[in-house]
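Comments concern the structure below.
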Amino acid sequence: MSTTLSITDTSPHLIDADALVVAVCSGADGPQPAPGTKDIDDALGGTLASMLATLGATGEAGEVTKIATGGRLAAPLIVAVGISAQAGSPWDVVDSWR
């Protein structure tokens, strides 16, 4: 069994994969999906942040939360990975890694 990780800008509705991986930040109002998750959030009826909160996600670095897509996306599973506390923008954290 091998694992393949691909990064793409293809709409999540079209991606035939075992799982979609998205970044999540911690925010004042709870976990916040990072930029680039709009299509996924739309497919879930705008409930991605509230689903994460309901499942106890915080968005802290290294946290992993799994969400079943219920057939709303081609992939059956979303894997939300915490990338740490939100500063001015979720990408401030990513920029600090460079």
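None of the values given here were measured: they were computed from a predicted structure.
A chain of hydrophobic side-chain contacts below 4.5 Å, direct or via other Ile, Leu, Val, Met, Phe, Trp or Tyr residues, connects Leu48 to Leu55.
To the nearest 0.5 Å, the span separating OG on Ser50 from CG on Leu44 amounts to 9.0 Å. Atom CD1 of residue Ile83 and atom CD of residue Glu60 lie 11.0 Å apart, to the nearest 0.5 angstrom.
Counting only heavy atoms from C-beta outward, the side chains of Ile78 and Lys66 never approach each other to under 4.5 Å. Pro33 is listed as a side-chain neighbour of Leu52, based on a closest heavy-atom distance under 4.5 Å.
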Could you pull out all donor-acceptor pairs under 3.5 Å where a side-chain atom in residues 67-77 meets a protein atom, sequence neighbours excluded?
| unit_1 | atom_1 | unit_2 | atom_2 | d |
| --- | --- | --- | --- | --- |
| Thr69 | OG1 | Ala75 | O | 2.7 |
| Thr69 | OG1 | Pro76 | O | 3.4 |

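The hydrophobic cluster containing Leu14, built from Ile/Leu/Val/Met/Phe/Trp/Tyr side-chain heavy atoms closer than 4.5 Å, comprises no other residue.
Checked against side chain to side chain contact (heavy atoms under 4.5 Å, CB included), Thr8 has the following partners two or more places apart in sequence or in another chain: Thr10, Ile15.
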Quick one, Ser26 with Gln32, criterion side-chain hydrogen bond (donor to acceptor under 3.5 Å, both in side chains). Give me CA distance, side-chain angles, the key distance, then yes/no.
CA-CA 6 Å; Ser26 58; Gln32 299 298 312; over 6 Å; no
Could you please spell out the steps behind the side-chain contact (heavy atoms from CB on, under 4.5 Å) verdict for Leu20 and Val79?
CA-CA 6 Å; Leu20 298 174; Val79 178; over 6 Å; no
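Across every non-hydrogen atom of Pro31 and Ala57, the tightest pair is CG-O, 3.5 Å.
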